[in-house]
Amino acid sequence: MMMRKARSKPMDLSHRITPRLLPFEDQAVKTYGKMFVSWIGPTPRVNIMDPEIIREILSNKFGHFAKIRANPLVGLLAKGLVNYDGEKWVKHRRIINPAFHQEKLKMMLPAFYACCSELVEKWEKLVSLEPCEVDVWPYLQNLTADVISRTAFGSSYEEGRRIFELQMEQAKFVIEAARSIYIPGFRFVPTRKNRRMNEIYREVCSLLKVMIEKREKAMKLGEARTDDLLGILMESNYKEIKEGGNAKNLGLSIDEVMEECKLFYFAGQETTSTLLVWTMIVLSMHPEWQVKAREEVHQVFGREKPDFEGLNHLKVVTMILNEVLRLYPPGLMLTRVTYKEMELGNVRLPPQVELAMPILLVHHDRELWGEDAEEFNPERFSEGISKATKNQVSFFPFGWGPRICIGQAFALTEAKMALAMILQNFSFELSPTYTHAPFTIVTLQPQYGAQLILHKL
Ligand code: HEM
């Protein structure tokens with residue numbers, strides 16, 4: 001619980017995104033319709049705001065676009081699906097897909113529920129006597145970390161938590177290094193920080209290796225669990241190898257399975273916690289929507305435990321989550337590179353040009369969303385996403401096309417479960433100490449935390 005002095009100045013609570021978060025506009029050097037060129041260091045980048053061109057790029061139907069080659073520092077965190085292209089991506093996506101199927105997601109619901117119950121209990125202790133200011137941001141980060149640890153590793157949850165803590169420490173070092181001046185080869189100099197980064201890398205790998213080898217043994221004895229992400233991934237991998245007979249390059253190696261597990265943390269934890277924190281902040285700014293959402297939750301579940309079917313039927317909550325994802329998308333942009341010379345719109349581009357699709361800017365574009373683009377208005381999603389976007393690719397918080405986020409349904413089910421349970425148990429409002437400052441550190445976060453006053457219901 002963090003208390004700060006009350007402010008004297010009224011807060012700016014508009015959803016307008018500050019110029020700091022529009023990294024392209026003031027650097028744009030040339031504009032072609034809804035495309036403009038900016039520079040990242042010595043390299044030009046083409047930013048694309050046109051939904052038709054975004055559709056063309058993300059549908060990837062001509063295979064003309066690749067993902068940006070991973071920074072070697074990122075390799076210390078996680079490689080995996082998100083960084084691969086071509087055949088390798090196809091194979092990894094095929095093997096990992098079953099882990100995110102609807103029926104598997106249903107099996108993970110008890111894990112979501114257990115983590116959300118712990119959060120509710122913690123907050124109940126804080127506010128049992130009287131309403132109290134709570135910075136909900138660290139609690140929500142913890143919640144989504146717990147969910148990934150439990151759903152990825154099931155009974156090996158404690159080892160999963162340890163891996164997570166190490167990965168968080170590593171992420172801090174990597175972000176720091178990425179922000180400092182790049183000196184080729186510097187990461188191999190045995191400074192204290194570099195040594196610690198290598199130590200973390202080795203410890204994470206060895207923890208994961210032990211876990212994976214244990215599962216492999218259990219699988220051979222027919223005793224493996226297949227109700228967590230690691231178990232499902234390994235089962236799918238085993239099936240691919242078995243069905244492929246003697247063909248080469250089938251299945252994933254232990255190292256590759258390890259990388260995919262690490263990626264689940266990075267891709268799934270921070271993104272989902274930022275979605276939840278902005279939802280709580282925005283519902284505090286717009287209490288009428290908080291009331292509507294709570295009414296719906298009470299109608300569907302009463303005070304009972306939320307179930308899978310009920311979560312899929314929450315209409316108002318879904319509209320709210322979509323509107324929050326539009327105004328505060330966790331990931332700010334998608335990037336690709338051209339493979340060969342090609343034409344985009346009226347512009348001819350050489351190979352190896354970086355293309356950026358600024359999700360945040362497209363989601364706030366008045367030409368696409370109308371004069372109220374900066375306003376929180378969940379009604380615009382009342383008839384679904386395709387009506388709200390007029391079937392354009394103008395809303396893509398999870399990406400779009402074949403590389404769309406594999407964890408989208410997982411994240412939305414988790415967010416709905418958390419939100420439903422929070423709404424069943426608490427009402428909340430902004431604390432006077434809250435400062436509205438959307439800020440980017442990989443994802444879009446509340447820079448000074450999310451101080452809310454919680455009331456027990
Ligand atoms: C609110 C939550 C989330 C958001 C906003 C989000 C956003 C995204 C976006 C924008 C992409 C596409 C990247 C691209 O096309 O370049 C992506 C891909 C991916 N996401 Fe998510 N994500 C979320 C939650 C999750 C979760 C919970 C998981 C897993 C547990 C996950 C795993 C992945 C993976 C593995 C990919 C790579 C897919 C591929 O390249 O085939 N994400 N995500």
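Start at 1 and go down the list; that is how both ligands and their atoms are numbered.
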query = Can you find a pair of side-chain heavy atoms, one from Thr274 and one from Tyr328, that are under 4.5 Å apart?
reply = no
Nearest protein heavy atom to [atom], by residue and atom, and its distance?
| atom | value |
| --- | --- |
| atom 14 (C) of ligand 1 | Lys67 NZ, 3.2 Å |
| atom 7 (C) of ligand 1 | Pro397 O, 3.5 Å |
| atom 38 (C) of ligand 1 | Arg93 NH1, 3.4 Å |

Do NZ/NE/NH1/NH2 and the carboxylate oxygens of [X] and [Y] come within less than 4.0 Å?
| X | Y | value |
| --- | --- | --- |
| Arg162 | Glu159 | no |
| Glu259 | Lys262 | yes |
| Arg326 | Glu323 | yes |

May I ask you to list the atoms of ligand 1 that are less than 4.0 angstrom from any heavy atom of [X]?
| X | value |
| --- | --- |
| Trp89 | 39 (C), 40 (O), 41 (O) |
| Leu81 | 35 (C), 38 (C), 39 (C), 40 (O), 41 (O) |
| Arg336 | 14 (C), 15 (O), 16 (O) |
| Ile148 | 30 (C) |
| Leu334 | 10 (C), 13 (C), 14 (C), 15 (O), 16 (O) |

message = Take a 6.0 Å sphere around NE2 of His101 and say whether it holds more than 12 heavy atoms from other residues, nucleotides or ligands.
response = yes
message = Any donor-acceptor pair under 3.5 Å linking the side-chain atoms of Ser273 with those of Gln141?
response = no
key: Residues His92 and Glu260: side-chain donor-acceptor under 3.5 angstrom   = yes
Nearest heavy-atom neighbours spanning Ala356 and Arg45 = CB-CD, 3.6 Å
message = For His286, give me all partners under ring pair (Phe, Tyr, Trp, His ring centres under 6.0 Å), at least two apart in sequence or on another chain.
response = His15, Phe376
request  = Tell me which part of Leu412 gets within contact of ligand 1: side chain, backbone, both or neither, using heavy atoms under 4.0 Å.
outcome  = neither
query = Who's closest to atom 29 (C) of ligand 1 heavy-atom-wise, of Trp400, Tyr265, Phe410, Phe100?
reply = Phe100
ask   = Got a second to check how far Ile54's CD1 is from Leu334's CG, nearest 0.5 Å?
value = 8.5 Å
task = Examine Lys305 relative to Tyr113 and say whether NZ or CZ is less than 6.0 Å from the centre of the six-membered ring and inside a 45° cone about the ring axis.
result = yes
query = Distance below 2.8 Å from atom 21 (Fe) of ligand 1: how many protein N/O/S atoms qualify?
reply = 1
